[in-house]
Structures are given as C-alpha cells and as structure tokens.
A.B. asks: 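Before I ask anything, here is the structure I am working with.
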2 protein chains.
Amino acid sequence: MTSRAPGKRVRKAPAERRNEIVATAARIGLTEGLECVTLRRVADELGVQPGLVGHYFPAADELVAEAFTHATMAELDGLLPPEPDGPLRTFRRFFGLTSSADFDDVSKLWLNARHLSRYRPVLRDHVVKQELLWCRRLEELITAGTAAGVFACADPWGAATRILVAIDGASAYINTSADQRRTPTADMPRTVAESELGLRRGMFLTD
Amino acid sequence: MTSRAPGKRVRKAPAERRNEIVATAARIGLTEGLECVTLRRVADELGVQPGLVGHYFPAADELVAEAFTHATMAELDGLLPPEPDGPLRTFRRFFGLTSSADFDDVSKLWLNARHLSRYRPVLRDHVVKQELLWCRRLEELITAGTAAGVFACADPWGAATRILVAIDGASAYINTSADQRRTPTADMPRTVAESELGLRRGMFLTD
DNA sequence: TGCTTTATTGGTCGCCCACTCAATAGCATT
DNA sequence: AATGCTATTGAGTGGGCGACCAATAAAGCA
C-alpha cells in the first residue's frame with residue numbers, strides 16, 4: 001500500500017483519481033479476486049481514506065464491475081491486438097499466450113466474475129459485454145482469415161464461440177484439479193480451433 | 001423455514017441432526033449458492049439456534065464443503081446410475097439430462113464451488129474429489145462400452161476428461177450470456193463425445 | 001421415580017463490510 | 001494575498017458473519 005503521513009492530503013483531478021482507483025481495483029481483482037475489491041482495500045492500496053473511494057463509487061458494485069472490465073479489456077488487447085499481423089500468426093500467438101501460466105490469473109478472474117454475476121447485476125452486465133466482445137474479436141479474426149483463404153469456416157461466430165468454450169472449459173479447473181487434468185486437456189482449445197477452421201492438426205502449434 | 005414456538009426444543013440423535021443439517025445446507029447451496037450456506041441461514045431453515053449448527057460444525061468451512069459433496073454426489077447418481085443399462089442408452093440419458101434446464105442449478109453450483117475453492121482449502125479438497133469421481137464414472141462407462149464393442153476409444157480417461165471440458169465450458173456462461181450462446185454450443189458436449197468414442201454424429205441424440 | 005448425560009438454547013464478542021455526512025484543507029482564480 | 005470551490009478526511013451507523021460459552025431442558029438409565 002502507498003503510505004503517507006496521516007492527515008496529509010493529495011488533491012488530484014477527479015478524472016485522474018477515478019482512473020487510479022479503477023486501475024488499482026482491477027489489479028486487486030486480477031491477483032486476489034473480486035471479493036477483495038472493497039472500498040477499504042482499494043483505499044489502503046492508494047493511501048487514501050475509504051470515504052474517498054466511496055465518493056467516486058457511491059455503489060461499490062459499480063467499482064467491482066469497472067475493475068473487471070478494465071482488467072479484461074487490457075488482457076484482450078494483449079491477446080488479440082486490434083490490427084493483427086496475419087491470422088495464422090495471430091492465432092499461434094493467441095494459443096501460446098492462453099496456454100501459458102501467465103494466463104492463470106485471467107482464468108481465475110473469469111471464473112470469479114462469472115460466478116459473482118449470479119448475485120451482482122451490475123457486474124453481470126459488464127461480464128456479458130466482455131464475453132461478447134472477446135467472441136466478436138475472435139470472430140473478426142476468423143472472418144479475416146477465411147477471406148484471405150487461410151481458413152475454411154462457414155460459421156465464424158459459431159466457431160469463435162466453440163473455441164472459447166474449449167478455452168473456458170479447460171480453464172474451469174484452475175482453482176481445483178488443474179494439475180491432474182493438464183495432459184488430456186492442454187491441446188483441446190487448439191485442436192478445436194484447427195478443426196473448426198478446416199486446418200490440419202498442429203497448424204497452430206507454436207514450435 | 002421450519003418455525004417452532006421459541007424456547008421449545010426438539011432433541012434428536014446426533015447422527016440424525018447432522019444429516020439434517022448437511023441436507024439442508026446442500027439444498028441452500030444448490031438453489032441459492034454456497035455463500036448463503038451460513039450457520040444462521042441453515043439454523044433458520046431448520047428452526048433451531050445458530051449455535052446448534054456451530055456445535056456440529058465448529059468450522060463453517062466444513063459445512064459448506066459437505067453441503068457441496070452431498071449435492072453433487074446425489075446429482076451424479078442421478079446422471080450416471082451405478083449399474084447402467086447399456087452404455088449407449090446411458091449416454092443418451094446423460095446428455096438428455098445435462099442439456100436440460102433442470103441442470104442449470106447444478107452448473108451454477110459447480111461454477112460457484114470452483115471459484116470459492118480459491119479461498120477455501122477444505123471446499124477445494126471436496127471439489128477435487130468430486131471432479132475426479134465424476135470423471136472416473138464417465139471413464140468406467142466408456143471402458144464398458146469399448147469392451148462391449150459399442151465405442152472405439154483408445155484413451156477412456158482422456159475422453160472422459162475432454163467430454164467434461166465441453167460440458168463445463170458450455171455451462172460456464174450460465175449466470176451471464178448463456179442465452180446468446182445456446183445455439184452454437186448446445187450440441188458441443190454431445191458431438192465431442194461422439195467424436196471421442198468413434199461414433200457417427202447424432203448417435204447420442206435422444207430423439 | 002429420580003439422576004445423569006448431553007443436545008440445545010440464547011446470548012456475547014470482535015471483525016469486516018457498505019454507506020452517510022459534516023468538517024477540513026488543497027488548489028486555482030482573482 | 002485573499003477567496004471560493006471542491007476533493008478529501010475522519011468519524012459514525014447498522015448489518016452480517018464465525019466463533020465462543022454458560023445455562024438449560026430433553027431423553028435414557030438407574
């Protein structure tokens with residue numbers, strides 16, 4: 001936590017302070033879980049009073065929701081950069097990243113958010129938006145690849161959806177029996193994708 | 001909640017009372033979520049004092065974990081009865097049940113438990129056990145079907161694992177965008193299974 | 001019937017949470 | 001250098017939670 005002499009105040013422009021709060025909340029949510037995104041916890045991290053965070057987010061639900069969106073938005077841009085350098089290369093990169101251990105926190109975050117959405121309507125709206133956004137980005141990539149003649153896919157949206165099912169399914173055990181399941185499931189997202197896009201097995205292999 | 005005149009006591013055999021508590025906790029966990037399985041909530045439901053539930057479960061985590069196991073154990077027995085009447089028929093029944101709306105609460109429970117396992121080691125142990133049990137039961141069915149010449153499968157454990165990935169992946173959106181995704185993902189678990197077991201597409205269709 | 005055992009009560013404690021609000025102090029403007 | 005605006009403090013409210021424990025009453029046994 002950023003500590004500061006008690007009583008000392010640092011006054012910032014509202015927009016800057018708000019961004020700071022959301023970024024901090026996103027980091028907490030990603031590394032420790034969205035349940036840890038509380039007014040107090042975020043305030044501690046920033047070295048301010050809880051009341052200040054409450055001032056920017058009169059309803060704590062909104063902060064949690066924005067934290068989630070902030071984190072997943074950044075992650076998506078890392079996975080599927082807006083302007084890709086070739087569908088094949090982008091897909092290889094995508095599977096390389098999603099199957100790496102660095103992706104574990106992201107898997108946990110999605111699991112976290114999808115469950116918490118059961119109780120928190122505001123978060124739910126954000127999660128639905130992100131789910132559809134991730135799917136759409138993947139769809140665009142597939143459509144581009146198909147137009148370029150690299151892939152053969154009659155239903156890009158369906159293919160994107162099913163590839164994500166494989167990824168989300170394989171990462172569902174991240175907090176539990178992931179270790180015991182890695183071997184039979186590690187290749188599944190990649191092979192589902194290759195099958196959906198009419199490619200030979202191994203075409204998306206990085207090595 | 002079962003109401004009773006305040007002060008009135010009903011004294012039961014410890015084993016009976018304990019079972020009652022676990023069964024109630026399981027019902028709450030399945031229908032409302034494991035976060036709602038609290039000493040107070042279960043006590044209310046049974047018309048007893050919170051202290052009594054605390055007496056049987058000195059650590060609340062243990063109650064939550066047993067509630068989960070109780071619920072999923074019962075569900076598994078409903079999905080894959082111990083002595084099946086033919087692998088093909090059993091699989092059809094299995095996919096009929098898992099793709100029905102009655103399975104929604106079970107999907108939510110798994111999602112719930114898998115996330116909560118991040119923070120609760122006792123629950124985590126129970127979830128891992130159930131995950132492996134479900135997988136093993138499916139594996140046994142596949143092995144039986146392969147021995148009978150109905151299926152062609154070189155790796156029953158791997159096949160079972162991947163079928164469950166498809167099911168868990170498709171049900172990951174149960175609290176969020178399930179509606180928008182039903183069409184492209186509804187058939188996925190079934191077709192994955194048919195492919196894994198060397199069957200023609202549609203062999204597991206109920207109708 | 002009276003006695004012992006123990007299942008159950010009924011309250012307390014401390015912790016963490018979101019939310020509220022009057023008072024305060026940093027900063028830009030003049 | 002004084003002023004006004006407002007970002008920020010600091011303290012308080014009420015609620016839910018697990019954990020704890022002495023007192024109590026139900027049930028089985030002598």
Side-chain angles (χ1 to χ4, degrees), chain A residues 1-22 24-25 28-29 32-68 112 116 119-123, chain B residues 1-22 24-25 28-29 32-68 112 116 119-123:
Chain A
M1 65 220 88
T2 310
S3 54
R4 205 187 337 126
K8 207 68 193 144
R9 295 189 182 189
V10 177
R11 193 187 172 106
K12 301 194 174 181
E16 182 192 354
R17 185 62 94 183
R18 201 192 142 92
N19 288 342
E20 201 177 61
I21 291 172
V22 172
T24 301
I28 297 172
E32 302 173 36
L34 295 171
E35 285 84 350
C36 300
V37 176
T38 66
L39 302 186
R40 280 171 174 76
R41 183 78 178 68
V42 172
D44 275 1
E45 205 82 11
L46 286 169
V48 299
Q49 294 295 321
L52 181 59
V53 181
H55 170 71
Y56 286 93
F57 292 89
D61 276 11
E62 187 63 41
L63 174 57
V64 173
E66 288 196 29
F68 166 79
N112 193 168
L116 223 54
Y119 306 106
R120 309 215 191 186
V122 183
L123 174 61
Chain B
M1 63 219 87
T2 308
S3 55
R4 204 187 336 125
K8 207 68 196 147
R9 295 188 182 189
V10 176
R11 193 187 171 107
K12 300 193 174 181
E16 182 191 353
R17 183 63 91 184
R18 201 191 141 92
N19 288 341
E20 201 177 60
I21 291 172
V22 171
T24 301
I28 296 172
E32 302 173 37
L34 294 171
E35 284 85 350
C36 299
V37 176
T38 67
L39 303 185
R40 282 170 173 78
R41 183 78 178 70
V42 173
D44 275 1
E45 204 82 11
L46 287 168
V48 299
Q49 294 294 321
L52 182 60
V53 182
H55 170 71
Y56 285 94
F57 291 89
D61 276 11
E62 186 64 41
L63 175 58
V64 173
E66 288 196 30
F68 167 78
N112 192 169
L116 223 55
Y119 305 106
R120 309 215 189 186
V122 184
L123 174 61

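Letters A, B, ... are given to chains in the order of the sequence lines, protein chains preceding strands, and every chain is numbered from 1.
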A.B. asks: Roughly how far, to the nearest 0.5 Å, is the CZ atom of A/F57 from the CG atom of A/L52?
C.D. replies: 10.5 Å
A.B. asks: Give a yes or no on whether a donor-acceptor pair under 3.5 Å exists between the nucleobase atoms of D/dG18, that is its base, and the side chain of B/R40.
C.D. replies: yes
A.B. asks: Which pairs count as side-chain hydrogen bond (donor to acceptor under 3.5 Å, both in side chains) when at least one residue sits in residues 54-68 of chain B, sequence neighbours excluded?
C.D. replies: B/R18-B/E66, B/D61-B/R120
A.B. asks: Can you give the first and last nucleotides of DNA chain C, 5' to 3', that have an atom under 4.0 Å from a heavy atom of chain A?
C.D. replies: C/dC17 to C/dC27
A.B. asks: Taking distance alone, no hydrogens or angles, what donor-acceptor pairs closer than 3.5 Å link side-chain atoms of residues 35-43 of chain A to residues at least two apart or in another chain?
C.D. replies:
from  : atom 1 : to     : atom 2 : distance (Å)
A/E35 : OE1    : A/N112 : ND2    : 3.3
A/E35 : OE1    : B/H115 : NE2    : 3.4
A/E35 : OE1    : B/Y119 : OH     : 3.1
A/E35 : OE2    : B/H115 : NE2    : 2.6
A/T38 : OG1    : A/R41  : N      : 3.0
A/R41 : NH1    : A/E45  : OE1    : 2.4
A/R41 : NH2    : A/E32  : OE1    : 3.0
A/R41 : NH2    : A/E32  : OE2    : 2.7

A.B. asks: Among residues at least two apart in sequence or on other chains, which ones pass side-chain hydrogen bond (donor to acceptor under 3.5 Å, both in side chains) with B/N19?
C.D. replies: none
A.B. asks: Name every donor-acceptor pair, under 3.5 Å, that has one atom in a side chain of residues 5-17 of chain A and the other anywhere in the protein, sequence neighbours excluded.
C.D. replies:
from  : atom 1 : to    : atom 2 : distance (Å)
A/K12 : NZ     : A/E20 : OE2    : 2.6
A/R17 : NH1    : A/E20 : OE1    : 2.7
A/R17 : NH2    : A/V10 : O      : 2.7

A.B. asks: Looking at CG of B/L46 and OG1 of B/T24, how far apart are the two atoms once the value is rounded to the nearest 0.5 Å?
C.D. replies: 4.0 Å
A.B. asks: Enumerate the protein-to-nucleotides 7-11 of chain D contacts in which both atoms are nitrogen or oxygen and the separation is below 3.5 Å.
C.D. replies:
from   : atom 1 : to    : atom 2 : distance (Å)
D/dA7  : O4'    : A/R11 : NH2    : 3.4
D/dA7  : O3'    : A/K12 : O      : 3.4
D/dT8  : OP1    : A/V10 : O      : 3.0
D/dT8  : OP1    : A/K12 : N      : 2.8
D/dT8  : OP1    : A/R17 : NE     : 3.0
D/dT8  : OP1    : A/R17 : NH2    : 3.0
D/dT8  : OP2    : A/Y56 : OH     : 2.8
D/dT8  : O2     : A/R9  : NH1    : 3.1
D/dT8  : O2     : A/R9  : NH2    : 3.4
D/dT9  : OP2    : A/Q49 : N      : 3.1
D/dT9  : O4'    : A/R9  : NH2    : 3.3
D/dG10 : OP2    : A/Q49 : NE2    : 3.2

